[in-house]
Amino acid sequence: MNAARCANAPVLEAYPLDAELTPSSSSTGYASTFSRAGFKTVVRRVPPRPIMRYDLNATGVPEVVEK
């Protein structure tokens with residue numbers, strides 16, 4: 001997230017799988033993980049694969065500090 005902020009990206013977008021709707025494993029991550037990180041589902045064109053976004057311009061968004 002820090003790299004995206006430094007590049008002035010307005011949003012991050014993810015295409016994870018919804019583990020509640022498919023038994024498939026996911027190398028793209030799971031929707032629940034992205035949701036806990038603050039991503040919001042914007043559309044579901046295919047039920048098990050939501051399109052999720054994280055608004056980097058939103059106020060009150062905590063900065064991610066890499067260790």
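On a predicted model such as this, the values are computed, not experimentally measured, just so you know.
For the pair Pro47 and Leu21, the tightest heavy-atom approach, listed with the atom from each and the gap, is O-CD1, 3.2 Å. A pairwise comparison of heavy atoms in Ala31 and Pro50 identifies CB-CG, 3.9 Å as the closest pair. Scanning all heavy atoms of the two residues, the minimum distance from Asp55 to Val11 falls at CA-CG1, 4.0 Å. Across every non-hydrogen atom of Met52 and Pro16, the tightest pair is SD-CG, 3.5 Å.
Atom-to-atom distance recorded for Leu56:CG and Asn2:CG is 9.5 Å, nearest 0.5 angstrom. In this structure, Phe34 CZ and Asp18 CG are separated by 12.5 Å, a value rounded to the nearest 0.5 Å. The NZ atom of Lys40 sits 9.5 Å away from the OH atom of Tyr54 when rounded to the nearest 0.5 Å. Annotation: the span from Met1 atom CE to Leu12 atom CG amounts to 6.0 Å, rounded to 0.5 Å.
Under the 4.5 Å side-chain heavy-atom criterion for Ile, Leu, Val, Met, Phe, Trp and Tyr, Tyr15 and Val42 are members of the same hydrophobic cluster.
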